[in-house]
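Here is the structure we will look at, set down as structure tokens.
All values derive from a computational prediction rather than experimental measurement.
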Amino acid sequence: SYQDHQLKLDAGYQLFRRTDLTVGAERKETERTYSEREEATEDTYRVGLKGDLTETVSTGIRLSRAGRHGSTYRGEEPFLSTYAPGYTATVPGGWENHPDMRKYFLSDRQRDTVAWFAALTPGENWAVGVNATYLRDDYERSEMGLTDGTMGNYAVDASYHLPSVAVTTYTFYTYEY
């Protein structure tokens, strides 16, 4: 089975007439059975700054750091839990994968993220957005396989609202690397 519990707290403060500061924290607790890791906790802290440059243009930046940790990683657990003891006793080493390998979505990890965004509303019915995100992962306790990683994306979106027929059209393009 699989269970997730989340708690999020966010707060905002208007620094200047057109500038807002936001801060937030999040905790996610995950419980799994028949998995290499039974429990994991991820804590995320974030800060953002948004400014309205004009009545129709706004931009901002968000920074965050997340740390995931949990119960002892037992790589052999799914193997031993799902096969008969008579069979598992015949497998050399008693495990399916090398014991120092870690699944990236279960491993202890520190993630740093920076995101920039801009929005343009040239008219009452139009909206255009641009954003870029970069993140860096450090799998702190992984000695083999994936030990770190980077990801990023660029995105552009636009929408147009037709109030006479209550229809909004939307288009977007995202490039991930």
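- To the nearest 0.5 angstrom, R109 atom CZ is 14.0 Å from T147 atom OG1.
- Not a single donor-acceptor pair under 3.5 Å links the side chain of S35 to the backbone N or O of R32.
- Of the inter-residue distances, the one linking T41 atom OG1 with H69 atom NE2 reads 4.5 Å to the nearest 0.5 angstrom.
- Residues forming a side-chain hydrogen bond (donor to acceptor under 3.5 Å, both in side chains) with R111 (at least two apart in sequence, or on another chain): D137.
- Separation of atoms CD (Q6) and NZ (K8) is listed at 5.5 Å; rounding is to 0.5 Å.
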Could you go through the side-chain contact (heavy atoms from CB on, under 4.5 Å) check for N153 and Y175 one step at a time?
CA-CA 5 Å; N153 71 58; Y175 173 77; over 6 Å; no
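- Under the 3.5 Å distance criterion, the side-chain polar atoms of T54 are matched with a main-chain donor or acceptor of V57.
- Cluster note: M151 groups with L135 through ILVMFWY side-chain heavy atoms spaced under 4.5 Å, whether in direct contact or through intervening members.
- Each of W116 and L120 belongs to its own hydrophobic cluster when Ile, Leu, Val, Met, Phe, Trp and Tyr are linked at side-chain heavy-atom distances under 4.5 angstrom.
- Closest heavy-atom contact between A66 and E42: CB-OE2, 3.5 Å.
- For residues 54-63, the salt bridge (charged side-chain N to carboxylate O under 4.0 Å, His left out) pairs, not counting sequence neighbours, are R18-E55.
- Qualifying ring pair (Phe, Tyr, Trp, His ring centres under 6.0 Å) partners for Y2, counting only residues two or more places apart in sequence or in other chains: none.
- Linking Ile, Leu, Val, Met, Phe, Trp and Tyr whenever their side-chain heavy atoms come within less than 4.5 Å leaves V130 and Y173 in two separate clusters.
- Y45 and L63 are not part of a single hydrophobic cluster, where members link through side-chain heavy atoms under 4.5 Å apart.
- Among residue pairs with one or both ends in residues 130-163, those qualifying as ring-ring contact (aromatic ring centres under 6.0 Å, His included) are W126-Y160, Y154-Y177; sequence neighbours excluded.
- The side-chain hydrogen bond (donor to acceptor under 3.5 Å, both in side chains) search around T121 returns none, not counting sequence neighbours.
- In terms of the side-chain hydrogen bond (donor to acceptor under 3.5 Å, both in side chains) criterion, D157 has no residue partners (sequence neighbours excluded).
- Partners of F172 by ring pair (Phe, Tyr, Trp, His ring centres under 6.0 Å), not counting sequence neighbours, listed by chain and number: Y170.
- Looking at residues two or more places apart in sequence or on another chain, you find no side-chain hydrogen bond (donor to acceptor under 3.5 Å, both in side chains) involving N131.
- For A119, the side-chain contact (heavy atoms from CB on, under 4.5 Å) partners two or more places apart in sequence, or in a different chain, are S58.
- Residues T168 and N125 are not in side-chain contact: their nearest non-hydrogen atoms beyond the backbone lie 4.5 Å or more apart.
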Intermediate values then yes/no, side-chain contact (heavy atoms from CB on, under 4.5 Å), D52 and T19
CA-CA 7 Å; D52 295 329; T19 306; over 6 Å; no
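- Rounding to the nearest 0.5 Å gives a distance of 13.0 Å between CD of E38 and OG1 of T30.
- Considering OG1 of T22 and CD of Q14, their distance stands at 13.0 Å, rounded to 0.5 Å.
- Residue pairs meeting the salt bridge (charged side-chain N to carboxylate O under 4.0 Å, His left out) criterion with at least one member in residues 19-28, sequence neighbours excluded: D4-K28, E26-R46, R27-E29, R27-D43.
- With sequence neighbours excluded, no residue forms a salt bridge (charged side-chain N to carboxylate O under 4.0 Å, His left out) with D148.
- A chain of hydrophobic side-chain contacts below 4.5 Å, direct or via other Ile, Leu, Val, Met, Phe, Trp or Tyr residues, connects I61 to F16.
- Hydrophobic clustering of Ile, Leu, Val, Met, Phe, Trp and Tyr side chains at less than 4.5 Å, counting indirect connections, unites L21 with V114.
- With contacts defined as side-chain heavy-atom distances shorter than 4.5 Å, the pair D10/V23 does not qualify.
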